[in-house]
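Here is the structure we will look at.
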Amino acid sequence: MVIRQHGGDMEREAGIASRLARPTEVAAGIRHASRRVLGRHPALFLAVASRRHPQSALNAHTDLVIDGFGRSAVTFAVIAFQVAQNGHVSVAHHAHAIAPILAAAKRGVPTLVTIREPEATVLSSVVREPGVPMRQFLRSYVDFYRRLGDVTDDVVLARFESITEDFGAVIGRVNQRFGTSFEEFDHTAERAALVFDLIEERASRPPWQRSLGEFLCGNLSFDEYMSLTQRARLQRAGSTVPETLVQRPSEARESMKAAARSRYRARSLTAWRERAVASYRAVLPRAV
C-alpha cells in the first residue's frame, strides 16, 4: 500500500517538475522530486539508504544522527564532531532528508538537525546543482521544514551560524538534552581551519574516500584516519576542488549565488518563498 502511494506521489511530482523545468533541467528535476517523495516514507527510505550508503545510514548501533537539509553546515558539524571525539562514536549523517530524522526521533536516538534560512540555503543548493530548478529546491525545503516541525521536541536544532561559530556549545546542548557525554569541539580558529581542510579533502573525492567515510561514521578515530592516509595525502598535495562542490566560504561561490539571486526573487516564486520563510520561522525558536 505504501509503495503504491509512493509511486503515485512520484509520478505526480515528476509531472510537475517536467512542466516547470526547461528541457535541460527535466531529468535533474525529476530525480530531485523523486528523492523528495522517497524521503516522506522513513521505512522505505532507510531500506534504500542502508543498501546504498551502509556507512552513514541510521541503524541499530547509531549513537548520534547529524543531518539537515542540504547546504546547512551538516558536513562541518559531522567532521568537527568526529575531530572532537577522536574515538569511535557511530554517527548517521548526510541523508539530507527528513526520513531518518523522523525515524531517529521515534526510536529515541540522539539527533542534531542543522537549520539555515531559505534564501542562503536555496542559492547555495542551486550553485552546487544548477540543473535542478529553483522551484524544486523551494518545494523540498518547505516539505523538509514542515515535517521537521513535528519532531522539534525530540531533536536538537542548531542554526547554521551556531554550527560554524560555536559548535562546542551545540554539542553541549546535545549532551544536556539527551544525557550524553560527547566531547565538545574546541572552536578556535585553528581547529575550524582543520575542519575546513577536511571538508575540502572530502569534496575532492580522494582515492582514500572509503577511509574518510569510515572516519565520518566513527569506525576510525581522527588520529587513526590521519595516520592511515598521511602518505597518500602528501602524494596528492596541491589538488584543487571545483568551486561548485566545495563546502566552505568562497568569493567565487558568493559571486555565483549573487547571479542566481534575481531568479530566486522572481515574482513567480513568491508563494514558495513565503512558505519557505514561514516553515523556517516555525522551528527557529527551538534552535540553539
Side-chain angles (χ1 to χ4, degrees), residues 1-21 25-54 56-60 62 65-72 74 92-109 111-116 118 121-122 125-126 128-129 131-157 269 271-284 286:
M1 187 67 173
V2 171
I3 293 177
R4 284 200 300 271
Q5 179 64 41
H6 166 69
D9 285 350
M10 188 176 296
E11 290 174 4
R12 183 164 55 256
E13 295 275 6
I16 293 171
S18 296
R19 291 194 298 273
L20 293 175
E25 298 176 329
V26 171
I30 290 175
R31 286 194 300 271
H32 185 88
S34 299
R35 194 172 188 281
R36 177 170 65 245
V37 173
L38 182 62
R40 296 172 185 166
H41 305 278
L44 185 57
F45 184 95
L46 291 176
V48 173
S50 64
R51 285 193 288 269
R52 290 185 177 177
H53 309 288
S56 59
L58 174 67
N59 59 56
T62 297
V65 174
I66 301 178
D67 224 321
F69 195 83
R71 316 308 288 178
S72 60
V74 171
H93 59 91
H94 279 101
H96 295 316
I98 196 62
I101 295 170
L102 298 178
K106 185 176 181 180
R107 299 178 190 180
V109 179
T111 302
L112 169 63
V113 182
T114 68
I115 66 171
R116 189 183 190 186
T121 304
V122 171
S125 298
V126 168
R128 183 176 176 81
E129 300 180 75
V132 178
M134 199 168 287
R135 186 185 299 264
Q136 289 292 317
F137 279 120
L138 279 166
R139 289 175 65 89
S140 296
Y141 185 99
V142 171
D143 193 76
F144 181 96
Y145 278 82
R146 283 182 174 174
R147 285 169 169 77
L148 178 61
D150 294 334
V151 294
T152 53
D153 291 337
D154 304 306
V155 304
V156 169
L157 304 179
L269 297 179
W272 281 111
R273 286 197 308 274
E274 291 175 350
R275 291 169 192 162
V277 170
S279 63
Y280 175 72
R281 288 178 176 173
V283 303
L284 186 58
R286 305 304 300 269

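- With values rounded to the nearest 0.5 angstrom, Y141 atom OH is found 14.5 Å from R71 atom CZ.
- Between K106 and D154, none of the side-chain N atoms (NZ, or NE/NH1/NH2) sits under 4.0 Å from a carboxylate O, so this pair counts as no salt bridge.
- Closest approach of A47 and S50 over heavy atoms only: O-OG, 2.9 Å.
- Looking only at side-chain heavy atoms (C-beta outward), I115 and Y145 come within less than 4.5 Å of each other.
- Contact between A95 and P100 at its shortest, heavy atoms only, is CB-CG, 3.5 Å.
- E129 contributes atom CD, which lies 9.0 Å from atom CZ of R31 (distance to the nearest 0.5 angstrom).
- A donor-acceptor distance shorter than 3.5 angstrom exists from the side chain of D67 to the backbone of H96, with no hydrogens or angles considered.
- For the atom pair CG (L38) and CG (L46), the distance works out to 9.5 Å, reported to the nearest 0.5 Å.
- With sequence neighbours excluded, the residues forming a side-chain hydrogen bond (donor to acceptor under 3.5 Å, both in side chains) with D143 are R40, R147, listed by chain and number.
- When all heavy atoms of T111 and A104 are compared, the pair lying nearest together is OG1-CB, 3.3 Å.
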For side-chain hydrogen bond (donor to acceptor under 3.5 Å, both in side chains), just list the numbers for S140 and R36, CA-CA rounded to whole Å, side-chain angles, deciding distance to a tenth of an Å, and then say yes or no.
CA-CA 6 Å; S140 296; R36 177 170 65 245; 2.7 Å; yes
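- For the pair R146 and R275, the minimum side-chain heavy-atom distance is below 4.5 Å.
- Side-chain contact between D153 and R286 is present, with at least one heavy-atom pair separated by less than 4.5 Å.
- Looking at heavy atoms from C-beta onward, H93 lies out of side-chain contact with V65 at the 4.5 angstrom threshold.
- Taking both residues in full, the closest heavy atoms of P42 and A103 are given as CB-CB, 4.4 Å, listed atom of the first, atom of the second, then distance.
- The side chain to side chain contact (heavy atoms under 4.5 Å, CB included) check on L138 picks up V122, Y264, L269, W272, R273, A276, with sequence neighbours excluded.
- In terms of the side chain to side chain contact (heavy atoms under 4.5 Å, CB included) criterion, residue partners of R281 (sequence neighbours excluded) are, by chain and number, V277.
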Go through the steps to decide whether L157 and L148 satisfy the test side chain to side chain contact (heavy atoms under 4.5 Å, CB included), and finish with yes or no.
CA-CA 10 Å; L157 304 179; L148 178 61; 4.0 Å; yes
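- In terms of modelled atom types and a separation under 3.5 Å, the side chain of T114 and the main chain of S72 share a donor-acceptor contact.
- In this structure, the side chains of R107 and T62 stay at 4.5 Å or more apart for every pair of heavy atoms.
- Looking at every heavy atom in both residues, F45 comes nearest to R35 through CZ-NH2, 4.0 Å.
- Here the closest non-hydrogen pair linking F69 and V74 is O-CG2, 4.5 Å.
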